[in-house]
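Labels below follow one simple rule: chain letters A, B, ... track the order of the sequence lines, proteins then strands, and each chain is numbered from 1. The figures that follow rest on heavy atoms only: side chains count, while hydrogens, waters and symmetry mates do not.
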Protein chains: 2
Amino acid sequence: MKLSSIEEFFSHAHQLYLPAVSIDNVIFGFHENQLKVLLLQLVNKSVWALPGGFVGKSEHIDEAAARILKERTGLNDIFLQQFYTFGQPERSNNKILVKALQMLNQEFDKDHWVLQRFVTVGYYALVEYANVNPHPDEVSLACAWHDLDKLPELLMDHAEIIKKALDEMRLKLSVQPIGYNLLPKEFTMKNLQSIYETILGRKLDRANFNRKMLSSGILDRKEKHYSGGAHKAPYLYSFNRKKYFKALSSGLGRGF
Amino acid sequence: MKLSSIEEFFSHAHQLYLPAVSIDNVIFGFHENQLKVLLLQLVNKSVWALPGGFVGKSEHIDEAAARILKERTGLNDIFLQQFYTFGQPERSNNKILVKALQMLNQEFDKDHWVLQRFVTVGYYALVEYANVNPHPDEVSLACAWHDLDKLPELLMDHAEIIKKALDEMRLKLSVQPIGYNLLPKEFTMKNLQSIYETILGRKLDRANFNRKMLSSGILDRKEKHYSGGAHKAPYLYSFNRKKYFKALSSGLGRGF
DNA sequence: CTATTATTGTGTCATACTGACTCAATAACT
DNA sequence: AGTTATTGAGTCAGTATGACACAATAATAG
């Protein structure tokens, strides 16, 4: 059943979705060497929220997260990582949410299904900024990237969820390779280093970064060189798909 | 409200607990250098299950996990680590569970609240074997420790949950200290090494283990020596509470 | 066409950590 | 008093890491 209107969602949600369980996706993207996060603007205007959703009654929570990611960004086959589940009792049914829902539906019931307490499962994803065409869902005003250090006011505990996602991603960075969804097919070592520096929030030594990445074996060096910039032309690299995904599961070296 | 009977539980559970969300605790304990896991025997006899439970409508999921741990083991103030959330759609309402519930309650309804689909949040704990006095709850026949390599038939996806808990615990071992709940106040380096070897499932070099643990700074060496065994008397150590818990949050070295 | 300049690829070196091994000290037992 | 197994400490080669050096080079300026 396709929900084509807000009214239909409000009247049928309890039949289609699991109660008490929700998903929140923290979708990171890059732009101008800054880490961005995708947020939706509530109808109250001043408050933003993570792109989240509910779990179909016969749907795997991982599938629900992927579906929600696709609904918001149009992206498929992205590595979505479950990172934590948030279960404070007071995290739902707050004033801002109630206000937003009332603005969407005049006949909104204060005991409505969506205002019950939800435990939310957090997932994060890293996507290539250029590949994403953010479009808001039916219940939001806008969908836009925000700098991590200039976040707007956020709904409920969403600031905490973003912080935890970032912490977990930094931890995983030492074990898992990163960048597959963030870079074009061919890229320079400097591009890759920028991503690591942005995620980690600190500068890395260029020479040591080179050595480490090359020894990990997940990169293939091309014969071509990058041209266009001034100064010496760097090599171009691509990810070795096979080794990259092997490293995703079995782990890399000891990290940074 | 205290549920004093099975009938009360079946008739009031839906009023007291969140729907669709459950907790499963993987409680590891030591005995004779073997890692054990605490399991409950269903009334069907041949099948065992993790000590799990439900989340009170106004209860934090972490509190629910701690309450369930206490109900099963009598233990307080144990470091409980959330490690993963399991959300396959087919994980609930299986034949074995239905049978068990029917045996407990003749008038059991096939559409009962407890047979809805549940997403379960996994926690693990490490406890001192001797401190635990396992006692089964009202709906189980027995509560007992099982060797990890000789597990009985398990309910639903509980085997997968245990495997994931062990994997995550091994990963965390390189970042977090371990053993606080597993050893008496004073212990020998060999005691501690046994724990690491048991959890990791492989032997470690004695001299190198010594060096690493001492350099981490979380141990205080006592003047006393252990006496009782044959041969040279080893030093006794205790955990430095302050440094231990600091290391729990900020991390140790690079691990094993 | 040549010099300048910033960037890149590679090399070096001191330091720290790891795994494997050695060896003297020692406490209980014979 | 000698035997024996275990402990605490030390050595050493191999490896990874952080900091730095330097020549090669592609675009630009003159």
Side-chain angles (χ1 to χ4, degrees), chain A residues 33 170-171 173-177 179 183 186-197 199-238 247 250-256, chain B residues 33 170-171 173-177 179 183 186-197 199-238 247 250-256:
Chain A
N33 280 352
R170 283 178 177 162
L171 262 181
L173 199 58
S174 61
V175 192
Q176 290 182 343
L183 289 167
E186 299 189 333
F187 49 87
T188 67
M189 194 63 85
K190 194 181 182 69
N191 296 149
L192 188 60
Q193 185 178 344
S194 291
I195 292 179
Y196 276 78
E197 289 179 339
I199 295 175
L200 291 172
R202 61 186 166 92
K203 290 286 170 194
L204 299 172
D205 182 272
R206 184 177 56 87
N208 298 333
F209 182 82
N210 256 15
R211 183 175 40 177
K212 186 155 180 65
M213 290 309 300
L214 291 179
S215 73
S216 77
I218 61 169
L219 295 182
D220 291 334
R221 176 182 285 184
K222 304 293 172 184
E223 284 309 314
K224 285 188 290 180
H225 287 237
Y226 174 80
S227 63
H231 317 304
K232 181 172 178 178
Y235 283 107
L236 286 172
Y237 296 88
S238 67
S250 67
L252 278 172
R254 298 300 184 85
F256 298 92
Chain B
N33 279 350
R170 283 178 176 162
L171 262 181
L173 200 58
S174 61
V175 192
Q176 289 181 343
L183 290 167
E186 299 188 332
F187 51 87
T188 67
M189 193 62 84
K190 195 182 182 68
N191 296 147
L192 188 59
Q193 186 178 344
S194 291
I195 292 179
Y196 276 79
E197 289 179 340
I199 295 175
L200 291 171
R202 62 187 166 91
K203 290 285 169 195
L204 299 172
D205 182 90
R206 183 178 55 86
N208 298 334
F209 182 82
N210 256 19
R211 182 177 42 180
K212 187 159 179 64
M213 290 309 301
L214 291 179
S215 73
S216 78
I218 60 170
L219 296 181
D220 290 334
R221 176 182 283 182
K222 305 292 172 184
E223 284 309 313
K224 286 187 290 180
H225 287 235
Y226 174 79
S227 63
H231 319 303
K232 180 173 178 177
Y235 284 107
L236 286 172
Y237 296 88
S238 67
S250 67
L252 279 173
R254 299 299 184 85
F256 298 92

K.L.:
Tell me whether the side-chain N/O atoms of B/Lys232 come closer than 4.0 Å to OP1 or OP2 in D/dA5.
P.N.:
no
K.L.:
Rounded to whole Å, please give me the gap between CZ in B/Arg206 and C1' in C/dA24.
P.N.:
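In whole Å, C/dA24 C1' and B/Arg206 CZ are 12 Å from each other.
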K.L.:
On DNA chain C, check which nucleotide each of B/Ala233 and A/Pro234 is closest to and give me the residue with the more 5' one.
P.N.:
A/Pro234
K.L.:
Which heavy-atom pair separates B/Asn210 from B/Met189 by the least distance, and what is that distance?
P.N.:
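Taking every non-hydrogen atom into account, OD1-CG, 2.6 Å.
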K.L.:
If you go through the side-chain atoms of B/Arg211, does one of them form a donor-acceptor pair with the base of C/dG19 closer than 3.5 Å?
P.N.:
yes
K.L.:
Parallel under 30°, tilted from 30 to 60°, perpendicular over 60°: which one fits the rings of A/Tyr196 and A/Phe209?
P.N.:
perpendicular
K.L.:
Expressed as a whole number of angstroms, how long is the span from A/Lys190:NZ to C/dG9:C1'?
P.N.:
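Between C1' of C/dG9 and NZ of A/Lys190: 13 Å.
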K.L.:
Ignoring the backbone of A/Ala207, work out which of C/dG11, D/dT7, C/dT5 is nearest its side chain.
P.N.:
C/dG11
K.L.:
Which whole-number value in Å describes the distance from A/His231 NE2 to D/dA23 C1'?
P.N.:
17 Å
K.L.:
Rounded to the nearest Å, what distance is computed from the CG atom of residue A/Leu204 to the C1' atom of nucleotide D/dA19?
P.N.:
13 Å
K.L.:
Please state how far atom CG in B/Leu192 lies from atom P in D/dG8, giving the value in whole angstrom units.
P.N.:
12 Å
K.L.:
Nearest to the side chain of B/Tyr235, heavy atoms from C-beta on, is which of C/dG9, D/dG8, D/dA5?
P.N.:
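Side chain of B/Tyr235 sits closest to D/dG8.
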K.L.:
Shortest non-hydrogen contact from B/Leu192 to B/Met213?
P.N.:
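Answer, listing the atom of B/Leu192 first, then B/Met213: CD2-CE, 3.5 Å.
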K.L.:
Which residue, B/Lys203, B/Arg202, B/Arg170, forms the salt bridge (Lys or Arg N to Asp or Glu O under 4.0 Å) with B/Glu197?
P.N.:
B/Lys203
K.L.:
Report the residues that fulfil side chain to side chain donor-acceptor pair (under 3.5 Å) with B/Lys190, sequence neighbours left out, ordered by chain and then residue number.
P.N.:
none
K.L.:
Evaluate B/Ile218 against B/Tyr237 for side-chain contact (heavy atoms from CB on, under 4.5 Å), listing each step before the verdict.
P.N.:
CA-CA 10 Å; B/Ile218 60 170; B/Tyr237 296 88; over 6 Å; no
K.L.:
Nearest-Å distance, NE2 (A/His225) to C1' (C/dT7)?
P.N.:
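Computing the A/His225:NE2 to C/dT7:C1' distance gives 14 Å.
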K.L.:
Counting only side-chain heavy atoms from C-beta out, which of D/dT7, D/dA21, C/dA20 sits nearest to B/Asp205?
P.N.:
C/dA20
K.L.:
Side chain of B/Lys212: nearest nucleotide among C/dT18, D/dG8, C/dT5?
P.N.:
C/dT18
K.L.:
Would you say the side chains of B/Ser194 and B/Asn191 form a donor-acceptor pair under 3.5 Å?
P.N.:
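Checked: B/Ser194/B/Asn191 side chains show no N/O donor-acceptor pair below 3.5 Å.
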K.L.:
Could you give the angle between the helix axes at the two ends of the helix from C/dC1-D/dG30 to C/dT30-D/dA1, with five pairs per end, rounded to 10 degrees?
P.N.:
10°
K.L.:
Is any N or O donor-acceptor pair between the side chain of B/Asn208 and the base of C/dA20 shorter than 3.5 Å?
P.N.:
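Result: at least one qualifying N/O pair found.
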K.L.:
Starting from C1' on D/dT6, measure out to CG on B/Asn210 and report it in whole angstrom.
P.N.:
12 Å
K.L.:
Rounding to an integer number of Å, can you tell me how far A/Arg202 CZ sits from D/dG18 C1'?
P.N.:
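These atoms are roughly 11 Å apart.
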